[in-house]
Protein chains: 2
Amino acid sequence: MAALAAMSMCNMTVVDIHTHMYPPSYIDILQSRVSIPLVRTFPQAPEPRLILLQSEAQSLDEAQHDPNAKPPGRPLTSHYTSLDQKIHFMDTHHIDISVISLANPWLDFVDASASGGVAESVNNEFSDMCSRHPNRLFFFGTLPLTAPLDTIKSSITHLKGLRYCRGVILGTSGLGQGLDDPRLLPIFEALADARLTIFLHPHYGLPNDVWGPRSEDYGHVLALALGFPMETTIAVTRMYLAGVFDKVRDLRMILAHSGGTLPFLAGRIESCILHDGQLVREGKVGKDRRSVWDVLKEQVYLDAVIYSDVGLKAAIDASGNDRLLFGTDHPFFPPLESDEQGTWASVSMNADAVNKAVGEGSANAKAIMGGNAVRILRLDQKE
Amino acid sequence: MAALAAMSMCNMTVVDIHTHMYPPSYIDILQSRVSIPLVRTFPQAPEPRLILLQSEAQSLDEAQHDPNAKPPGRPLTSHYTSLDQKIHFMDTHHIDISVISLANPWLDFVDASASGGVAESVNNEFSDMCSRHPNRLFFFGTLPLTAPLDTIKSSITHLKGLRYCRGVILGTSGLGQGLDDPRLLPIFEALADARLTIFLHPHYGLPNDVWGPRSEDYGHVLALALGFPMETTIAVTRMYLAGVFDKVRDLRMILAHSGGTLPFLAGRIESCILHDGQLVREGKVGKDRRSVWDVLKEQVYLDAVIYSDVGLKAAIDASGNDRLLFGTDHPFFPPLESDEQGTWASVSMNADAVNKAVGEGSANAKAIMGGNAVRILRLDQKE
């Protein structure tokens, strides 16, 4: 963690905008469930297991029938649930401010009748956590997307009134049909009006069969390394093609994992649009069309959770040094062979990438490590 | 085409390594078929239509039942089939040498009993085309992957003896179970022994349902702009995780579309491997492991068909200025609103990206535009 320690010494504010928690009430819900996502205890594991992904269904089934099978999912450590642990993690990594958010899959699976109440309770819990560390914590709220539109709008009004709330974390399913669903437009408008930034985050990945018959040999690598960023890219490209960014010009959206793969593929997307007979015939490719590049520079921000300077430089080239935001993805990707209370390689990989891409101690490094987040999310205003 | 004209004037050899054809015998096969891929004539269109993608099934069905429905697929112009047209296209765009290849989906759909003979005939046709323009054309051959192993090996022996053959074009399905299939190892070994470079090219994309219920509104953009590069990325990551690059150290592979998204995601893939409990437990993450970055710099080449300097710079950062290879993807992505006999925007976008990324007229531009291809594919040897 030498890099982050040095940053801290040179009077830089380090902000982590990609950092998750499952507060106690949410864990209670996961423990009461019988299908994924769920939390369950197995005789073969010392800690309860957190099972989030559909790709874990088979190992869940095996562990339920065979006490010698390896436990499914990941251990539900205090890193997922404890505010003290979050603060300890921040201190260890010289992070000044964290913008915490509920981890996936949020309230996507909650019954319509319950989700409004659950969202209110979860958002109040996040608000309370922030108020206990008023100079160090802000949060992205959670919307009850399975509830009727009025309930969702009430939730936005609630979040707008919460002092430390700066946006909402959003998955890619929207109301169940993706983020290009026109029924979402009033929600995007309400979020833009409330100056709540969307943090777009993947969860569903891609259908299991795209990974092929030997994918079990590869752990979670394919689903997490490829499925997650591809899901984000597909979601935001669908939004772009549906004209959402034009229809809601004040919409602001942070894309997880440096945009999935959007910075790398933006040129190909543009070319495919310009060469698509149907879109040209329908007049969707007009002279006043804002390109994907325009949206990347005007309405989109990218986190810097990309684990290499190669990807980070492409993200900066696409969106701008003033639009990249450092993050850790804590508590996911803990170190496997060292103490979880110490420094995490997954954090230093991303901090090192910033230094390598823009120069340690440079103005751009300071911006990406925290300055941009303070400005974009108004973290210097105690609203 | 000012950029390519200027390149031509400054004594640079321009090589197009990503350029396809459907020779007459292959068109005959497509015309005889009743399911996709196929070629068919419709009363509502002046030219026969080339229908390649499963995502075109619905519009094919509609056009068969409704003479007013828009014709499916794309017009089968002479750009797909005529050697004279290929040479005209090369001249128009100041391309000195083309390494031509059969376009997707190759022989993936041909019966096992027939594919050996079809491969021989198609490869001989490509060989004959090259011999008609001996200073200007080389080719990547086609393997009969549905045939028994011995037939595939015979095909490699045949290709090795063809003077203008420099490799094989390969889809991602392999023998039907992907390129991480251990049954492919003897084929990869035979190709490496024969010094035949693999040109890995997508065709299948991703399952239609990942594009959501409104994807018809977006033409072919999602399937082509996102599905194709994601397919390539998944295929080569599966190969990497299966250890194919370690097992066949002399394997050399050009990845279409600048590696799909591999340069951008390589950091995340590495991080996910290092943090995967299963892979670490199984000892797959050892000290002597070659990383994805190593493979990108030692065994992989990337074409420069990426339509932006942002993506191209990431590809160069990942693999090296000496490993990028200019290409056009002709005859796909023709201009929609200007004469197909003139210059194509899809070509100039990629040439402009090279100039913008490494500087017009620079040594690196010369390398990417042709010098690398001449060296890597031995185009100065008339073997």
Side-chain angles (χ1 to χ4, degrees), chain A residues 74 177-178 180-181 206-207 209-215 217-222 224-226 229-230 233-234 237-238 241-242 257 261 263-280 306-311 313-314 317-318 333-337 345-346 349 353, chain B residues 74 177-178 180-181 206-207 209-215 217-222 224-226 229-230 233-234 237-238 241-242 257 261 263-280 306-311 313-314 317-318 333-337 345-346 349 353:
Chain A
R74 66 221 78 206
Q177 298 195 355
D180 53 348
D181 185 345
L206 294 178
D209 58 356
V210 306
W211 311 125
R214 283 162 295 277
S215 62
D217 296 345
Y218 312 142
H220 291 302
V221 173
L222 293 168
L224 292 178
L226 307 186
M230 290 175 179
T233 311
I234 293 167
T237 306
R238 285 169 58 182
L241 290 168
H257 314 118
T261 65
F264 194 75
L265 291 182
R268 186 170 172 88
I269 295 167
E270 277 297 309
S271 178
C272 283
I273 291 170
L274 294 170
H275 290 93
D276 194 279
Q278 178 184 336
L279 298 189
V280 170
I306 179 87
Y307 308 95
S308 89
D309 61 303
V310 173
K313 278 192 277 187
D317 281 350
F333 304 110
L336 295 174
E337 293 177 325
S346 55
M349 284 175 89
Chain B
R74 66 222 77 205
Q177 298 197 352
D180 54 347
D181 185 344
L206 294 178
D209 57 355
V210 307
W211 312 125
R214 283 161 295 276
S215 61
D217 296 346
Y218 313 142
H220 291 303
V221 173
L222 293 169
L224 292 179
L226 307 186
M230 289 174 179
T233 312
I234 293 167
T237 306
R238 284 169 59 181
L241 291 168
H257 314 117
T261 64
F264 195 74
L265 291 182
R268 185 170 172 89
I269 295 167
E270 276 297 308
S271 178
C272 283
I273 291 171
L274 293 169
H275 289 93
D276 195 279
Q278 178 184 335
L279 298 189
V280 170
I306 178 86
Y307 308 95
S308 90
D309 61 302
V310 173
K313 278 192 276 187
D317 281 349
F333 305 109
L336 295 174
E337 294 177 323
S346 55
M349 285 176 88

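Throughout, a chain's letter reflects where its sequence line sits, starting with A, and its residues are numbered from 1.
Remark: A:Ser308 pairs with no residue by the side chain to side chain donor-acceptor pair (under 3.5 Å) rule, at least two apart or across chains. By the side chain to side chain donor-acceptor pair (under 3.5 Å) test, A:Thr237 pairs with no residue at all, sequence neighbours left out.
When heavy atoms are compared at a cutoff of 4.5 Å, A:Leu336 approaches chain B solely by way of its side chain, counted from C-beta outward. Proximity to chain A is limited to the side chain of B:Val280, based on heavy atoms less than 4.5 angstrom apart. Heavy atoms closer than 4.5 Å to chain B are found in the side chain of A:Asp209, but not in its backbone. Only the side chain of A:Met349 comes within contact range of chain B, with heavy atoms under 4.5 Å apart. Using a 4.5 Å cut-off between heavy atoms, A:Ala266 does not touch chain B at all. For A:Leu241, the parts lying under 4.5 angstrom from a heavy atom of chain B are both the backbone and the side chain. In this structure, the portions of A:Ile306 lying under 4.5 Å from any heavy atom of chain B include both its backbone and its side chain. In this structure, chain B has heavy atoms under 4.5 Å from both the backbone and the side chain of A:Leu224.
Per-residue heavy-atom pair counts under 4.5 Å with chain A were compared for B:Asp309, B:Ile234, B:Ile273, and the maximum is reached by B:Ile234. For the set B:Gly178, B:Ser215, B:Gly311, B:Gly219, the count of heavy-atom pairs under 4.5 angstrom toward chain A peaks at B:Gly219. Of the residues considered (B:Pro263, B:Pro335, B:Gly277), B:Pro263 shows the highest number of contacts with chain A, using heavy-atom pairs under 4.5 Å.
Under a 3.5 Å cut-off, the side chain of A:Ser346 and the backbone N or O of A:Phe333 do form a donor-acceptor pair. The closest donor-acceptor contact from the side chain of A:Arg268 to the backbone of B:Tyr307 lies at 3.5 Å or more, if one exists at all. Between the side chain of B:Arg214 and the main chain of A:Asp180, a donor-acceptor pair closer than 3.5 Å is present.
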